[in-house]
2 protein chains.
Amino acid sequence: MRRDIFQAIADPTRRAIIMLIAVQAMTPNGLASHFDTSRQAISKHLRVLQECDVVKAEPKGREIYYGLEIEKVNEIDEWVAQVRQVWETRFDQLDNVLDNLKNK
Amino acid sequence: MRRDIFQAIADPTRRAIIMLIAVQAMTPNGLASHFDTSRQAISKHLRVLQECDVVKAEPKGREIYYGLEIEKVNEIDEWVAQVRQVWETRFDQLDNVLDNLKNK
DNA sequence: TATATGCGCAACCTTTTGGTTTCACAAAAT
DNA sequence: ATTTTGTGAAACCAAAAGGTTGCGCATATA
């Protein structure tokens, strides 16, 4: 399944996971202790996060630490910036129209 | 149903709608002409976008123009900034640890 | 007035999502 | 060597998502 970062952050639990591992890498069990669901459910969320490279797995013995890939978060910023840029350009155009009116 | 902005931007079609109306307010039919789906499907997306205040409806005769509420986009930024801040603080803490080691 | 247009809403259907339970397996601990 | 612990994967399930078609209603247009 083709995932993207926007789908990844759509779920509140996944956003909370991201926030937690922003502090430090954590294991599935460690993460699950902060939520009201099973470890398996958290593992599923981690898989989604992995599929779009928001999260990286680092095995340590029989534990697996999941760490945040902060660069991926930039993709969100980029889109938001694009929207804002389009929005502001629109006002520039309006300004131009108003300037033209004033100059007549 | 309780929606939030993150769910709103999860769908690619909705992100495209947001980008389009960032340029100028548009009607459902006007929007639908840019996509490969029915007007009703676009209307459903608009309803989702309305429910989390990303979009505002402005009736004009029998047409309804949907315009972007740019302020809502800031909520995305805020969350991203929060993640980044936590992430960077983490490194500050590591720096502190390293500083302490160096001072011994 | 009759007709065409633009729209929202409801019913329906299929696929996806998010959860659970159960299992197998590797790595630690006993 | 046996048991405990940490994990991913698979099967299953209910709910939600995203699409369609068909409708009714209000507003333009003829």
Problem set entry | Closest non-hydrogen atom pair between A:Arg39 and A:Ala32, with its separation | CA-CB, 3.8 Å
Problem set entry | Contact state string [nucleotides 20-30 of chain D, B base, S sugar-phosphate only, - no protein heavy atom under 4.0 Å] | BBB----BB--
Exercise. Think B:His45 has a side-chain N or O under 4.0 angstrom from the OP1 or OP2 of D:dA17?
Worked result: no
For this session: Look only at the side chain of A:Arg14 and the backbone of A:Ala8, and say whether a donor-acceptor pair between them is shorter than 3.5 Å.
Result: yes
Problem set entry | Rounded distance in Å - CZ (A:Arg47) to P (C:dT20) | 16 Å
Exercise. B:Glu58 CD to C:dG6 P: how many Å, rounded?
Worked result: 19 Å
Exercise. What residues in residues 14-35 of chain A put a non-hydrogen atom under 4.0 Å from any atom of DNA chain D?
Worked result: A:Thr27, A:Pro28, A:Asn29
Problem set entry | Length of the line joining A:Ile64:CD1 and D:dG6:C1', which is rounded to integer Å | 8 Å
For this session: Could you tell me whether the side chain of A:Asp4 and the main chain of A:Gln7 form a donor-acceptor pair under 3.5 Å?
Result: yes
Exercise. Separation of A:Leu46 atom CG from C:dG19 atom P, in whole Å?
Worked result: 12 Å
Problem set entry | Integer-rounded Å distance: D:dA17 P and A:Arg3 CZ | 15 Å
Problem set entry | Side-chain heavy-atom pair B:Tyr66, B:Ile42 within 4.5 angstrom cut-off | no
Exercise. How close or far is atom C1' of C:dA27 from atom OH of A:Tyr65, stated in whole angstroms?
Worked result: 14 Å
Problem set entry | salt bridge (charged side-chain N to carboxylate O under 4.0 Å, His left out) assessment of A:Lys44 paired with A:Asp11 | CA-CA 12 Å; A:Lys44 273 190 158 191; A:Asp11 184 88; over 6 Å; no
For this session: Check the surroundings of atom CG in B:Asp36: do more than 12 heavy atoms from other residues, nucleotides or ligands lie under 6.0 Å from it?
Result: no
Seminar exercise, completed: From CG of B:Asp4 across to P of D:dA16 the rounded distance in Å is 15 Å
For this session: Starting at CD of A:Glu88, measure out to CG of A:Asp92 and round the result to the nearest 0.5 Å.
Result: 7.5 Å
Exercise. Tell me: CG of B:Asp11 to P of D:dA16, nearest whole Å?
Worked result: 18 Å
For this session: Using a 4.5 Å cut-off on heavy atoms from C-beta on, say whether the side chain of A:Trp79 contacts that of B:Ile9.
Result: yes
Exercise. With a 4.5 Å heavy-atom cut-off, do B:Ile21 and B:Leu49 have their side chains touching?
Worked result: no
